[in-house]
Amino acid sequence: VQLQASGGGLVQPGGSLRLSCKASGMAFSYGAMAWYRQGPGKQRELVANITSSGTTNYADSVKGRFAISRDNARRLVHLQMNSLSPEDTAVYYCYTNWGRAYWGQGTLVTVSS
């Protein structure tokens with residue numbers, strides 16, 4: 001299984017970014033997917049996850065601002081991030097458990113003016 005994340009970058013407070021994760025080596029439509037993040041000096045934390053049937057779950061800190069979605073035909077999972085604040089600055093990781101845990105390489109999101 002390989003997970004390739006993209007879409008990070010520098011954005012001003014209040015701005016938006018869309019992260020994408022391309023999965024290979026798994027029956028994507030059957031797998032739950034998630035986004036985690038690790039901010040400076042912080043532990044890695046769950047941001048959002050989505051089941052194979054499309055049920056979503058969010059960390060309280062991002063509810064109403066972030067949206068996770070999946071495109072099974074393209075084997076993609078997205079994280080739409082709106083109303084970004086400096087506290088959202090982190091490396092964002094795509095994750096799945098397909099027999100064991102798999103992590104993408106991480107994509108850096110920096111929210112700063």
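Positions are given from 1 along the sequence.
- For the atom pair CG (Leu84) and CD (Gln12), the distance works out to 11.5 Å, reported to the nearest 0.5 Å.
- Looking at every heavy atom in both residues, Tyr58 comes nearest to Phe66 through CE2-O, 3.4 Å.
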#### Entry: Asn49 vs Trp35, side chain to side chain contact (heavy atoms under 4.5 Å, CB included): CA-CA, chis, key distance, verdict
CA-CA 6 Å; Asn49 57 25; Trp35 286 96; over 6 Å; no

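- Grouping the Ile, Leu, Val, Met, Phe, Trp and Tyr side chains by contacts below 4.5 angstrom, directly or via other members, places Met81 apart from Leu10.
- Here the straight-line distance linking atom CG of Asn72 with atom OG of Ser52 works out to 8.5 Å at 0.5 Å rounding.
- In this structure, Thr96 contributes its side chain and Ala32 its backbone to a donor-acceptor pair below 3.5 Å.
- Atom CZ of Arg65 is separated from atom OG of Ser85 by 5.0 Å, given to the nearest 0.5 angstrom.
- With Tyr93 contributing its side chain and Gln38 its backbone, the two residues share no donor-acceptor pair below 3.5 Å.
- Tyr36 and Val91 fall within the same hydrophobic cluster, where Ile, Leu, Val, Met, Phe, Trp and Tyr residues are linked whenever their side-chain heavy atoms come under 4.5 Å apart, directly or through other members.
- We find the CZ-CG distance between Arg70 and Leu79 to be 14.0 Å, quoted to the nearest 0.5 Å.
- Interatomic distance, Asn57 CG to Ile68 CD1, rounded to the nearest 0.5 Å: 9.5 Å.
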Side-chain atoms of residues 15-25: list all donor-acceptor pairs with protein atoms under 3.5 Å, sequence neighbours left out, distances to 0.1 Å.
unit_1, atom_1, unit_2, atom_2, d
Ser16, OG, Asn82, OD1, 2.9
Arg18, NH2, His78, NE2, 3.4
Ser20, OG, His78, ND1, 2.9
Lys22, NZ, Arg74, O, 2.7

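- For Glu87, the salt bridge (charged side-chain N to carboxylate O under 4.0 Å, His left out) criterion is met by no residue, not counting sequence neighbours.
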Please tabulate, for the side chains in residues 99-113, all donor-acceptor contacts under 3.5 angstrom to protein atoms that are two or more places apart in sequence or on a different chain.
unit_1, atom_1, unit_2, atom_2, d
Gln105, OE1, Ala5, N, 3.1
Gln105, NE2, Ala5, O, 2.8
Thr107, OG1, Gly8, N, 3.0

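- A donor-acceptor pair shorter than 3.5 Å can be found between the side chains of Arg37 and Tyr92.
- For Gln2, the CD atom counts as loosely surrounded, since its 6.0 Å shell holds 12 or fewer non-hydrogen atoms of other residues, nucleotides or ligands.
- Listed here is the closest heavy atom pair of Trp98 and Val1: CD1-CG2, 3.9 Å.
- Atoms CE and CG, from Met26 and Leu3 in turn, are 7.5 Å apart once rounded to the nearest 0.5 Å.
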